[in-house]
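Report on one structure; see the data block that follows.
Residue numbers count from 1 along this sequence. Read the numbers this way: they start at 1 and go in the same order the structure lists the ligands and their atoms. Remember, predicted model here, so these are calculated numbers, not experimental data. Every heavy atom of this structure was used, including side-chain atoms; hydrogens, water molecules and symmetry mates were not.
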Amino acid sequence: MDMVSSEAGKSAGVKEFDVVVVGAGFAGLAALHYLREKMGYKTRVIEAGSQAGGTWYWNRYPGARCDVESLQYSLAISPEVEQEWNWSERFATQDEILRYTQFAVDRLDLARDIDFNTRVASAIHNDQDDSWAVTTEQGEVYRCRWLIMAAGPLSTPNIPDFPGLDTFKGEFYHTGMWPKEPVSFAGKRVVQIGTGSSGVQIAQEISKDAAQHYVLQRTAHHIIPAGNRPLNPGEQEEIKRRYPELRDFWQTLIGATFYQSLPSDPPLVPGDKSIFDVTAEERKKIFDGAWAYGGYAFQRAFPDALKTKEASTLAGDYIASKIRETVKDPATAEKLISTQYFGTKRVILDTNYYSIFNQDNVELVDVKGDPIDRITETGVRLKSGREIEADMIVCATGFDAMTGSLTRMEIRGRDGLLLKDAWADGPKSYLGIMINGFPGMFVIGGPQSCSALANVITANEQQVDWICKAITWLDDNGYTSIEPTIEAENAWVNRCNELADATIYTKGDSWYLGSNIPGKPRRFLLYVAGYPGYKAETEEVAAKGYEGFVLDKARELS
Ligand code: NA7
């Protein structure tokens, strides 16, 4: 099919496609494969990086590793890729995932339809003919009927506006924009700001070589052991043999991923018993087993741990006892104990973080008690007047999550509406896929989807499947436009907010709420009821002929 290019009235120099996809992470790659191979659509992917991989392309900092088991964190769209690629560890490193991505790109011959080193500046809807014009920073224009934004939920780095940052004379890095060239910490005084997943991972690498390593912590996060290890003999083969059955099983679980490596293992945790229905001894035994097994077994041990403050506190107390056992200096141990409810921030999987604080070259600096005043030419000054001299500053300060990758582009929908303005009071979407005022523009991993609360590759693939089926259906029925009604969008947003309010997630501060970005409206950014519920709700809308959407067939491309 070559829907757009066959139309009359093409502008010179404008590249014409049926579908343009922004971003070549897992979502964009899955979309390209689906659109091209299953639907025969003329598709172009635009990618800012020089290689596919999204998150795993940009976050190449030392120690970067996935927190979903490698045998589950993989594309299901291609049996060839699934069977031919071999993972080496239970949780894969950034480097291994990037090599896997490249393998998938080569095996599926995807690169020929991706424009690399190309960043999108704007996407403007043409209300006359229901097309989109996507313009790159180099000034190239792509025109398409359907636009898919797959720019990533965690891809706009947050560099806090510290006064004096531009005066610092040493090396400066953000984990989400790590250079390709090697960075050495050896013999240097390194200040690290931020102790989320990225901070916890890179801290273990910095502390190995730095002369002095200052870990600036604003909030202590909850950290549980990953239990990473090389894959056991036969484990990979069994999973490969059973992939179709296992992928179906994983999709019945709240996070579309299983906390155990193999479902055939005897269940580690009851999983369905309230934390209050067991004695203190039983609870400890269950937590001990889950802690030793690693991964998210601990988080899944009791279903109410992420629901009520009382249950969450018991899980937090267990982690506190582990910190006190590990960290020799009692004052440092107390600072590392989170005062947030367990699960309000994403729980971090780690290997050896707490014990680095027993090293002489590592100091934990509490920047909630004594905040950063400014960055100087030679380091960091705290409000107390303390000067920390540094050769290098590493920001592990996270991302403008879920919305940043979209609002930093000039996206204009119907009547010239700017997406940033439409979201001034907080992001809104219908089904986490489409936005009122932006006809024909689909979003993968956007606000009010379940993406970052689930195995994100599975969540991406489900959205790709939904979007591609919608596009096929629209084209088959002669529609040129689809847009959610404001009523459907409001109802979805309210539903997402109500679901979140019934959990622990809204009882603290996190990027899930946008509260990590000064001035960003506080709103829970995800559908919290789990992958199976999300899949069922979105599929029901499609089965009902795209209920809640306005469909238009009046317009032809000019
Ligand atoms: P996160 O989880 O957002 O962590 C960012 C960290 O940076 C966190 O500890 C923040 O403290 C800290 N931060 C942010 N701004 C500041 C300022 N101004 N001063 C001091 N400290 C600051 O990002 P990650 O990259 O670690 O992980 C993101 C996701 O990627 C993760 O959840 C996984 O899904 C993968 P705070 O907690 O806000 O007080």
* **Aromatic plane relationship, H174 with F399 - under 30° parallel, 30 to 60° tilted, over 60° perpendicular** => perpendicular

* Asked: Parallel, tilted or perpendicular for H222 and F342, by the 30°/60° rule?
  -> perpendicular

* To do: Answer with yes or no whether the side chains of Q201 and Y61 bring together a donor and an acceptor at under 3.5 Å.
  => yes

* Asked: Does the side chain of S355 pick up a donor-acceptor pair with the side chain of N352 at under 3.5 Å?
  -> yes

* Neighbouring residues of ligand 1, heavy-atom cut-off under 4.0 Å -> L154, P160, F162, I193, G194, T195, G196, S197, S198, R218, T219, H221, K345, R346, A396, T397, G398, F399, W511

* Between C66 and I97, is any pair of side-chain heavy atoms under 4.5 Å apart? -> yes

* Structure fact -> Sorted by chain and residue number, the side-chain hydrogen bond (donor to acceptor under 3.5 Å, both in side chains) partners of Y341 (sequence neighbours excluded) come out as none

